[in-house]
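Just so it is clear, the model here is predicted, and its values are computed rather than measured.
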Amino acid sequence: MEPVKLRAFSAVDRDWLVEQHQTSYARDDGFDASFGPLVARILDEFLLNHDPASEAGWIAERNGNRLGSIFCVRQGPHTAKLRLFYLAREARGLGIGRQLLETCMGFAERKGYGDMQLWTHESHRAACALYRAYGWRLESSKPVNSFGQDLIEQRWRYCFQGSCNS
């Protein structure tokens, strides 16, 4: 079997990634149709305005089949934001999530960010376990109603070596 390769996200991946997020989150989490347009807006903003010197997106691929994604975008002068971390069902449990996360975090560190933040829901247990294993810290948790569901929204933070004092 061919190894998984990570390549740069491009405009040809946009519709696939919107559809994957919409379908996957509707199936697995009961999200309503408002989620796909949110993903589309995030990707459109990235395609139009991202700074390649400090922001990047990756697609995991094997044998020409797209299996996942992750993005690093600027949230502030010293803070990166991890976005749109996605793994297709058939890609889960194969180490691809680790590969994507390591690539994204490594990029952020090389670009000089002091910390990274992300937003997720506690129902994404596998992703949260992965974040915790890589040294991310849960910063806050609160009940919300988003995408037609009652959820527990979480905000996580990772501090690069010596960059955060709290």
pair Cys104-Met116: side-chain heavy atoms closer than 4.5 Å:
yes
Leu101/Leu130 under side-chain contact (heavy atoms from CB on, under 4.5 Å): CA gap, chis, key distance, verdict
CA-CA 9 Å; Leu101 186 59; Leu130 186 60; 3.8 Å; yes
Please evaluate residues Arg62 and Glu90 with respect to the criterion side-chain contact (heavy atoms from CB on, under 4.5 Å), reporting the C-alpha separation (whole Å), side-chain torsions for both, the decisive distance (0.1 Å), and the verdict.
CA-CA 11 Å; Arg62 177 185 279 151; Glu90 65 271 21; over 6 Å; no
How many angstroms lie between atom OG of Ser141 and atom CH2 of Trp156, to the nearest 0.5 angstrom?
9.5 Å
Taking the side chain as C-beta and beyond, is there a heavy-atom pair between Arg66 and Leu17 under 4.5 Å?
no
Which class fits the ring pair Tyr25 and Phe35: parallel under 30°, tilted 30 to 60°, perpendicular over 60°?
tilted
CZ (Arg157) and CG (Leu138) are apart, to the nearest 0.5 Å, by 13.0 Å
Show the numbers, then the answer: is there a side-chain contact (heavy atoms from CB on, under 4.5 Å) between Glu61 and Asp13?
CA-CA 11 Å; Glu61 219 174 42; Asp13 300 308; 5.5 Å; no
Would you tell me whether Glu19 and Thr23 have side-chain atoms, one donor and one acceptor, within less than 3.5 Å of each other?
yes
Over 12 non-hydrogen atoms of neighbours within 6.0 angstrom of CZ in Arg98:
no
Classify the ring geometry between Trp58 and Phe107 as parallel (under 30°), tilted (30 to 60°) or perpendicular (over 60°).
perpendicular
Quick one: pull up CD in Glu2 and CG in Asn63 and give me the separation to the nearest 0.5 Å.
4.5 Å
Taking every non-hydrogen atom, the tightest pair across Leu100 and Tyr86:
CD1-O, 4.2 Å
Where is the tightest heavy-atom contact between Val4 and Gln99, given as atom of each residue plus distance?
O-NE2, 3.6 Å
What closest approach, in Å, do Ser69 and Ile59 show between heavy atoms, and which atom pair accounts for it?
CB-CD1, 3.9 Å
Over all atoms of both residues, closest heavy-atom pair of Val18 and Ala40
CG2-CA, 3.7 Å
When Gln75, Lys81, Arg74, Met105 are each screened for side chain to side chain contact (heavy atoms under 4.5 Å, CB included) with Tyr113, the one that passes is Arg74
Non-hydrogen side-chain atoms of Phe46 and Leu84 separated by less than 4.5 Å
no
Assess the pair Phe71 and Phe9: is the distance between their ring centroids shorter than 6.0 Å?
yes
Taking NZ, NE, NH1 and NH2 as the nitrogens, is one of them in Asp51 or Lys111 under 4.0 Å from a carboxylate oxygen of the other?
no
Test item: Asp29 and His124 side chains (from C-beta on) under 4.5 Å apart, heavy atoms
yes
Go through it in stages, so that I can follow the logic: the residues are Leu82 and Tyr158, the test is side-chain contact (heavy atoms from CB on, under 4.5 Å), and I'd like the CA-CA distance, side-chain angles, deciding distance and then a yes or no.
CA-CA 10 Å; Leu82 187 154; Tyr158 179 84; over 6 Å; no
About how many Å separate CZ of Arg137 and CD of Gln117, when rounded to the nearest 0.5 Å?
10.0 Å
Are Leu47 and Leu38 linked, directly or through other ILVMFWY residues, by side chains that come within less than 4.5 angstrom of each other?
yes
Please round to the nearest 0.5 Å and tell me the distance separating atom OG1 of Thr120 and atom CD1 of Ile152.
12.0 Å
First locate atom CG of Leu118, then atom OH of Tyr131, and finally report the distance between them rounded to the nearest 0.5 Å.
5.0 Å
What is the ring orientation for His121 with Phe31, classed by angle as parallel under 30°, tilted 30 to 60°, or perpendicular over 60°?
perpendicular
Side-chain heavy-atom pair Gln22, Val39 within 4.5 angstrom cut-off
no
